[in-house]
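Hydrogens, waters and symmetry mates are skipped; everything else that's a heavy atom, side chains included, is used. Residues take their numbers from the sequence shown, with the count starting at 1.
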Amino acid sequence: VIAVLGHINHGKTTLLDALCGTGVVKTEPGNITQSVHAVTADVSASLGSLQEVSADRSQKADWPIRITFLDTPGHEAFELQR
C-alpha cells in the first residue's frame, strides 16, 4: 500500500490515473480530489528494477504484483482527513 500525499494541484490523482488506467480526476469537482480513495494496479515483471519483493530477498515474486495506492486530497481543508 502506497499513500500519495502532497499539496493541491501537484498532479497526484493525474499521476495515479496514468499509472492505473483510471479517470478519477475527471469525476472530481474542479478536477480537485475531494476525498481519500484507493486505486489498485497490477505491476508486471517488465518494469525491470522490480526483481525481488520478498523481505529476505531469497525468493522471486509471483508476477504480476498488485499495488494499492491511497490518493488523498491536497487542499488544506482536508488536512484532518489525511
Out of curiosity, Leu19 CG to Thr14 OG1, how far, rounded to the nearest 0.5 Å?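 Taking CG in Leu19 and OG1 in Thr14, the distance rounds to 11.0 Å.
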
Gap separating the NE2 atom of His37 from the OG1 atom of Thr13, nearest 0.5 angstrom: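 Atom-to-atom, His37:NE2 and Thr13:OG1 are 5.0 Å apart.
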
Would you say the side-chain atoms of Thr72 pair up with the backbone N or O of Val4, donor to acceptor, closer than 3.5 Å?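 Here the side-chain-to-backbone pair exists.
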
Under 4.5 Å between side-chain heavy atoms, hopping through other hydrophobics if needed: is there a path connecting [X] to [Y]?
X: Leu15; Y: Ile67; answer: yes
X: Val24; Y: Val36; answer: no
X: Leu5; Y: Val25; answer: no

For residues Leu70 and Val1, determine if any side-chain heavy atom of one lies less than 4.5 Å from a side-chain heavy atom of the other.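 SC-SC contact between Leu70 and Val1 confirmed.
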
Could you pull out the closest heavy-atom pair between Ala38 and Thr68, with the gap in Å?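 Minimum heavy-atom contact is CB-CG2, 4.0 Å.
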
What pair of heavy atoms forms the shortest contact from Ile32 to Glu28, and how long is it?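 For Ile32 and Glu28, the tightest heavy-atom pair comes out as O-CB, 3.3 Å.
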
